[in-house]
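Written out below as structure tokens is the structure these notes cover.
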Amino acid sequence: MTAIRLYNTRTRSKEAFEPFDARNVRMYVCGPTVYDRAHLGNARPVVVFDTLFRLLRHVYGEDHVKYVRNFTDVDDKINATALARQEAGAPGTLEDLIHQRTEETIGWYHADMDALGALRPTKEPRATEYIGAMVAMIEGLIERGHAYEVAGHVLFDVRSYPEYGRLSGRSVDDMIAGARVEVAPYKRDPMDFVLWKPSDASLPGWESPWGRGRPGWHIECSAMSYELLGASFDIHGGGIDLAFPHHENEVAQSCCAHPGSDFARVWMHNEMLLVEGKKMSKSLGNFFTVRELLEQGYPGEVIRFVMLSTHYRKPMDWTAEKAREAEGVLRHWRALTADAEPTGPDAELVEALADDLNGAGAMARLHALAKAIASNPQKDCFYEKGVFLASARLLGLLDEGMGGWAEGVDLSALAGKLADLRTAAMASKDFAPVDALKSALIAAGVEVRMSKAGVELVPGAGFDPAKLEGL
RNA sequence: GGCGGGUUGGCGGAGAGGUUACGCAGCGGAUUGCAAAUCCGUGAAGACCGGUUCGAUUCCGGUACCCGCCUCCA
């Protein structure tokens, strides 16, 4: 069996991955808050952990890996959108409007992530479906002396959990010393965080032992991972910006609610996506959505390729230049494997992937495999092509259904015309008409390939069918 | 202020204490009416200063610069 090694944030080192149960490998990844279109930064963990999911399925078997990614559908930004719609005269109760907003956002999210070639997780629970489990967990925390009720809120008592801060490598005292936020006066300790908060009539709420209210942000992941994966599971993933406070708080809640459990054994965090050297984030407003990129003509497969080219633990700059390179390589690879049937993935590629998800290493291996095929034009390389295709697909590339962007438009009429002109020019030695048509085609983004065998026209980067009119 | 990460050739981007990463671009060649595409070949690196070592871009220490978290965030 392939030995997988993963970098564990908790121990700050790369470790051999050993699942609790090889027949039931379990991974939880923090999903989106569904109040708006996903931006490109949101897509990075999706691609990273999708790749890990694919690797785990390859190694342990498709039916032996469970991947849970939540939808956070309780959030003040969702409420604000719904409230704004209601004030603008939209029909229905606030709850209806909230539901509408989360439903449409989840639909967008699925469409956008599907376009990136991400497999749907095994389970995609919504926070609102697990309110009962959250309330139960909070009650347990109060009983065990790890949480307290004050001013309609329930707060987690960080001083009751000596390990608090271990995951993110900070101490409670240091954090208080450098605190930048105003502390609510009712907190016993400035670092205590909210498990439950009251809702007034204008906000969605659920009945609870502490009155009508709604859960704090962190408790949902603890409750849902417990319900779906158990008290101890294998991998917990998310963006590095979630390490503190979100994941730190999850650890505290879960370990205190289920003493003796490990919660997540391996913690994995992807680095941030950058734009102009700065983190793409909501607060900076420097983000663009996946949908915008797709509409600009960047195929999802190209976006995925670019994401895989940088190691997940390094910051990644999205640039048009990288997308251009990726598109060229993918066109080449698709042409190379047009007649191939996938067999099994290359062992070296799997090894690269198994070494803490070395996407760049896996890509380098694909280049090597492609070169071996290309430099053997005498043979049909049926077997090699099958391995290559299966390897690419392990990375979620060259999948059927993703390649629509690379498929040709019917340019055979123009190709025929160009071929005729050339034949005539060969005799007359006047190549001007040929060159004129060729230039026009190139201007329209068409790649013109003329050889002894004939004329081939292929839509290239920046192909614009409108410019072909009149040719 | 506290904590964490980074600095590799023109650009992007990996691994490994000693032997070619890889890709793009460039250059040379094959091919072409000319090109394109394709194939073959090729130069080029490790922020700075010390230390360990027979040998460091790779390990250790320091300096500089950049970035992230500590506030919603992937």
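By convention in this document, chain letters (A, B, ...) are assigned in the order of the sequence lines, proteins followed by strands, and residues within each chain are numbered from 1.
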Tell me: NZ of Lys279(A) to P of G5(B), nearest whole Å?
17 Å
Would you mind reading off the distance between Phe305(A) atom CZ and G13(B) atom P, rounded to a whole angstrom?
13 Å
If we ignore angles and hydrogens, is there a donor and acceptor under 3.5 Å between the side chains of Thr337(A) and Asp339(A)?
no
Mind checking the P distance from A47(B) to U8(B)? Whole angstroms is fine.
7 Å
Parallel, tilted or perpendicular: which one describes the rings of Phe156(A) and Tyr161(A), with boundaries at 30° and 60°?
perpendicular
Which part of the nucleic acid, if any, lies within reach of Val458(A) when heavy atoms closer than 4.0 Å are counted: base, sugar-phosphate only, or nothing?
nothing
Base, sugar-phosphate, or nothing for Ser309(A), non-hydrogen atoms under 4.0 angstrom?
sugar-phosphate
Would you say Lys438(A) places a side-chain N or O within less than 4.0 Å of OP1 or OP2 belonging to C34(B)?
no
C24(B) and G41(B), which share atom name P, separated by this distance in whole Å
14 Å
Measure from CE on Met175(A) to C1' on G2(B) and round the result to the nearest Å.
10 Å
Provide the distance between the two C1' atoms, one in U58(B) and one in A21(B), to the nearest whole Å.
14 Å
Within the structure shown, what part of the strands sits under 4.0 Å from Ser168(A) by heavy-atom distance: base, sugar-phosphate, or nothing?
sugar-phosphate
Could you check how far NE2 of His367(A) sits from C1' of U20(B), rounded to whole Å?
16 Å
Classify Met280(A) by what it touches in the nucleic acid, base, sugar-phosphate, or nothing, heavy-atom distance under 4.0 Å.
base
Considering only the P atoms, how many Å lie between A35(B) and C27(B), rounded to the nearest integer?
13 Å
Relative to the ring of Tyr298(A), is the ring of Trp318(A) parallel (under 30°), tilted (30 to 60°) or perpendicular (over 60°)?
perpendicular
Measuring only the C1' atom in each nucleotide, how far is A36(B) from U19(B)? A whole number of Å is fine.
38 Å
Measure all distances between protein nitrogen or oxygen atoms and nitrogen or oxygen atoms of nucleotides 27-29 of chain B, and list the pairs falling under 3.5 Å.
none

Atom pair distance, as rounded to whole Å: CG in Asp355(A) and P in A14(B):
13 Å
Would you tell me whether His39(A) and Thr289(A) have side-chain atoms, one donor and one acceptor, within less than 3.5 Å of each other?
no
What class does the angle between the rings of Tyr109(A) and Phe71(A) fall in, given that below 30° is parallel, 30 to 60° is tilted and above 60° is perpendicular?
perpendicular
On the nucleotide G13(B), are OP1 or OP2 found under 4.0 Å from the side-chain N or O atoms that Thr310(A) carries?
yes
Arg449(A) CZ to G33(B) P: how many Å, rounded?
17 Å
When all nucleic acid strands are considered with a 4.0 Å heavy-atom cut-off, which category describes Gly277(A): base, sugar-phosphate, or nothing?
sugar-phosphate
Taking atom types as modelled and ignoring hydrogens, do the side chains of Thr319(A) and Asp317(A) form a donor-acceptor contact shorter than 3.5 angstrom?
no
Lys/Arg cation over aromatic Phe244(A): Arg170(A), 6.0 Å, 45° cone
yes
Taking the P atom in each of G4(B) and G46(B), what is the distance between them to the nearest angstrom?
29 Å
Within this structure, what is the CG-to-P distance between Asp317(A) and G68(B), rounded to whole angstrom?
12 Å
Indicate, with a heavy-atom threshold strictly under 4.0 Å, whether Gly41(A) touches base, sugar-phosphate, or nothing.
base
If you measure from the C1' atom in G68(B) to the same atom in A16(B), how many Å do you get, rounded?
28 Å
Between Arg44(A) and Arg12(A), the residue closer to the 5' end of RNA chain B by nearest nucleotide is Arg12(A)
What class does the angle between the rings of His236(A) and Tyr28(A) fall in, given that below 30° is parallel, 30 to 60° is tilted and above 60° is perpendicular?
tilted
Would you indicate what His332(A) reaches in the nucleic acid, counting non-hydrogen atoms under 4.0 angstrom: base, sugar-phosphate, or nothing?
sugar-phosphate
Once you apply a heavy-atom cut-off of 4.0 Å, does His246(A) come out as touching a base, just sugar-phosphate, or nothing?
nothing
Sugar-phosphate, base or nothing in reach of Arg422(A), heavy atoms under 4.0 Å:
base
Rounded to the nearest 0.5 Å, what separates atom CG in Leu457(A) from atom CZ in Arg449(A)?
9.5 Å
Involving RNA chain B, stems made of at least three consecutive Watson-Crick or G-U pairs, both distances under 3.5 Å:
B:1-7 with B:64-70, B:10-12 with B:22-24, B:26-30 with B:38-42, B:47-51 with B:59-63
Would one find a side-chain N or O of Lys314(A) under 4.0 angstrom from OP1 or OP2 of A14(B)?
yes
Which whole-number value in Å describes the distance from Arg331(A) CZ to A36(B) P?
18 Å
Any side-chain donor near an acceptor of the partner, His218(A) and Glu248(A), under 3.5 Å
no
Under 4.0 Å, counting only non-hydrogen atoms across every strand here, what does Lys77(A) touch: a base, just sugar-phosphate, or nothing?
sugar-phosphate
On a whole-Å scale, what distance lies between the P atoms belonging to G2(B) and G62(B)?
15 Å
Is it the case that over 12 heavy atoms from other parts of the model lie below 6.0 angstrom from the CD atom of Glu276(A)?
no
Does NZ or CZ of Lys14(A) lie under 6.0 Å from the centre of the six-membered ring of Tyr7(A), at an angle within 45° of the ring axis?
no
Any base atoms under 4.0 Å from Ile442(A), or only sugar-phosphate, or nothing? Heavy atoms, all strands.
nothing
Have a look at Phe431(A) and say if it touches a base, only the backbone sugar-phosphate, or nothing, with a 4.0 Å heavy-atom cut-off.
base
Could one point to a donor on the side chain of Lys322(A) or the base of C24(B) with an acceptor on the other under 3.5 Å away?
no
